Amino acid sequence: MYQIKVKFEQVGRSPVVLHQVAASQSLLDICLDNGIELQHKCGASCACSTCHLYVVTGMAFLSGITSREEDFIERAENPRPESRLGCQCTLLPGTGELEIMVPDQQQFVQEEEGILL
Ligand code: FES
């Protein structure tokens with residue numbers, strides 16, 4: 001079981017801590033199951049970059065990154081060394097603590113509404 005602290009780039013949004021998170025789930029599914037909005041426009045098939053997030057600590061507890069995931073991370077907004085696609089990284093069997101940062105999801109709402117950033 002894992003504990004995951006979820007922080008948000010969205011201004012004013014407080015972090016949440018998820019307890020007793022079972023392994024073998026993707027970070028996308030964990031977020032969605034806990035009411036945390038994370039875009040996933042391609043339906044978790046590694047064909048977009050809207051589920052992009054940052055793994056601040058605990059990268060070793062996640063499945064490895066593929067070259068395809070790396071390709072799509074490069075297309076995300078503000079990719080960093082700690083970037084992952086939420087739908088592509090799953091918790092490995094084990095126990096530990098992670099901290100992730102969810103990018104501001106408002107950017108996608110504004111894109112859908114046709115607002116130029
Ligand atoms: S939902 Fe599209 S790559 Fe994750």
Side-chain angles (χ1 to χ4, degrees):
M1 290 290 192
Y2 287 91
Q3 176 175 298
I4 304 177
K5 182 173 187 178
V6 185
K7 296 166 105 178
F8 301 92
E9 284 192 338
Q10 185 178 340
V11 176
R13 187 153 182 201
S14 301
V16 296
V17 179
L18 309 177
H19 301 277
Q20 301 289 312
V21 180
S24 304
Q25 305 179 77
S26 71
L27 290 182
L28 172 65
D29 286 342
I30 293 165
C31 286
L32 297 179
D33 287 349
N34 287 279
I36 296 167
E37 180 187 10
L38 185 59
Q39 294 291 312
H40 47 286
K41 293 192 184 304
C42 74
S45 60
C46 199
C48 72
S49 57
T50 58
C51 63
H52 172 233
L53 47 72
Y54 304 107
V55 179
V56 182
T57 60
M59 188 72 86
F61 297 123
L62 296 168
S63 57
I65 191 166
T66 64
S67 58
R68 182 176 171 87
E69 183 182 351
E70 284 179 336
D71 284 349
F72 278 96
I73 286 172
E74 287 175 12
R75 304 177 203 190
E77 189 81 16
N78 295 325
R80 301 177 199 153
E82 65 271 29
S83 290
R84 293 297 304 263
L85 297 181
C87 73
Q88 296 301 303
C89 50
T90 56
L91 287 172
L92 298 171
T95 300
E97 295 182 13
L98 296 89
E99 182 175 309
I100 65 174
M101 172 76 78
V102 174
D104 191 343
Q105 301 295 293
Q106 289 295 108
Q107 63 182 310
F108 301 110
V109 174
Q110 290 170 335
E111 283 176 11
E112 285 174 4
E113 293 175 350
I115 299 169
L116 296 175
L117 300 177

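Computed from a prediction, not measured in an experiment: that's the story for all the values here. Read the numbers this way: they start at 1 and go in the same order the structure lists the ligands and their atoms.
For atom 4 (Fe) of ligand 1, the neighbouring protein N/O/S atoms at less than 2.8 Å, given as residue and atom, are Cys51 SG, Cys87 SG.
Both Leu98 and Leu18 are members of a single hydrophobic cluster when ILVMFWY side chains are connected at heavy-atom separations under 4.5 Å.
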Handout entry: Steps toward side-chain contact (heavy atoms from CB on, under 4.5 Å) verdict (Thr57, Glu97)
Key = CA-CA 8 Å; Thr57 60; Glu97 295 182 13; over 6 Å; no

Donor-acceptor pairs are to be reported for all side-chain atoms of residues 45-55 against protein atoms at under 3.5 Å, with residues two or more places apart or in another chain.
unit_1, atom_1, unit_2, atom_2, d
Ser45, OG, Cys42, O, 3.0
Thr50, OG1, Lys41, N, 3.0
His52, NE2, Ser83, OG, 2.8
Tyr54, OH, Asn78, O, 2.5

Output a table of donor-acceptor pairs, distance under 3.5 Å, between side-chain atoms of residues 3-16 and any protein atom two or more places apart or on a different chain; print 'none' if there are none.
unit_1, atom_1, unit_2, atom_2, d
Gln3, OE1, His19, ND1, 3.3
Lys7, NZ, Glu99, OE2, 3.3
Glu9, OE2, Arg80, NH2, 3.0

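For Ala60, there are no side-chain contact (heavy atoms from CB on, under 4.5 Å) partners, not counting sequence neighbours.
The two residues Leu92 and Leu62 come nearest to each other via the heavy atoms CD1-O, 3.6 Å.
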